[in-house]
Amino acid sequence: SNIGQSSVSSMQMFQPSCVAFRNGRTYNLMGNTIFCTNPITGKVIWKYKIEGDMEKMGGTLSTSPIYSEKHLVTVTLAGKVLVLDLESGALAYERAIGESVRTPPVMEGGKIFVPTTTGKLYCLDTGMDDLNGWPMFMKNNAHLIN
């Protein structure tokens with residue numbers, strides 16, 4: 001109950017946060033906040049707080065972040081797709097789908113594909129051309145995150 005999962009199948013589907021590394025920075029979700037840090041010094045470059053009640057909802061409040069050339073993408077447990085600027089952490093795009101999400105999205109061709117906990121798949125055409133390079137779970141068929 002402390003991570004918001006109630007069955008074996010939901011535990012198997014649950015994906016905890018992974019650290020993503022890009023251009024000398026790390027990006028990861030810790031609890032209710034996405035952090036961009038310098039991995040050498042540990043200095044926080046920026047952070048973005050995810051809305052929600054971790055205790056009531058259980059577990060982390062958004063999916064592991066994925067990234068493109070200029071942006072970081074995550075989806076909140078409440079179903080809000082967030083695209084943040086990699087450099088500043090500023091919100092660049094937001095869209096609510098209204099479905100619970102625990103598995104990270106994928107992106108290619110400016111589109112973000114969001115799987116929900118109810119088995120639906122949403123395709124959001126963002127019009128953001130740089131949202132490429134993460135066409136499947138764990139990034140690509142070699143599972144290269146770096």
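A 4.5 Å side-chain heavy-atom check between Y67 and V73 finds every atom pair outside the cut-off. The side-chain heavy atoms of V114 and V101, taken from C-beta on, include a pair separated by under 4.5 Å. Side-chain contact check for M107 versus F113: every heavy-atom pair is 4.5 Å or farther apart.
Residues V106 and M136 come closest through the heavy atom pair CG1-C, 3.3 Å. Between N38 and I45, the closest heavy-atom pair is N-CD1, 3.8 Å. Annotation for A92 and M128: closest pair CB-CE, 4.1 Å, computed over non-hydrogen atoms. Across every non-hydrogen atom of P105 and I112, the tightest pair is CB-CG2, 3.8 Å. A pairwise comparison of heavy atoms in D130 and S68 identifies OD2-OG, 2.6 Å as the closest pair.
Atoms CD and CG, from E108 and N132 in turn, are 4.5 Å apart once rounded to the nearest 0.5 Å. Remark: I66 CD1 to R22 CZ distance equals 12.5 Å, nearest 0.5 Å. Rounding to the nearest 0.5 Å gives a distance of 9.5 Å between CG of L82 and CG of L72. Taking NZ of K80 as the start and CD1 of I97 as the end, the distance is 12.0 Å to the nearest 0.5 Å. N32 contributes atom CG, which lies 10.5 Å from atom CD of E51 (distance to the nearest 0.5 angstrom). Rounding to the nearest 0.5 Å places CD1 of I50 at 6.5 Å from CG of L29.
With hydrogens and angles ignored, the 3.5 Å screen pairs no side-chain donor or acceptor of W46 with any backbone N or O of I34. Side chain of T26 to backbone of P39: no donor-acceptor contact under 3.5 angstrom is found. E94 places no side-chain N or O within 3.5 Å of a backbone atom of V81 that could act as its donor or acceptor partner. Using a distance-only test at 3.5 Å, with no hydrogens or angles considered, a donor-acceptor pair links the side chain of T63 to the main chain of V75.
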Subject >> Check against side-chain hydrogen bond (donor to acceptor under 3.5 Å, both in side chains), S62 and T76 >> reply: CA-CA 4 Å; S62 75; T76 70; over 6 Å; no
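Under the salt bridge (charged side-chain N to carboxylate O under 4.0 Å, His left out) criterion, K120 pairs with E99, not counting sequence neighbours. Every residue meeting the salt bridge (charged side-chain N to carboxylate O under 4.0 Å, His left out) condition with E87, not counting sequence neighbours, appears here in chain and number order: R25.
Just one of Y48, Y27, Y93 meets the side chain to side chain contact (heavy atoms under 4.5 Å, CB included) condition when paired with L84; it is Y48.
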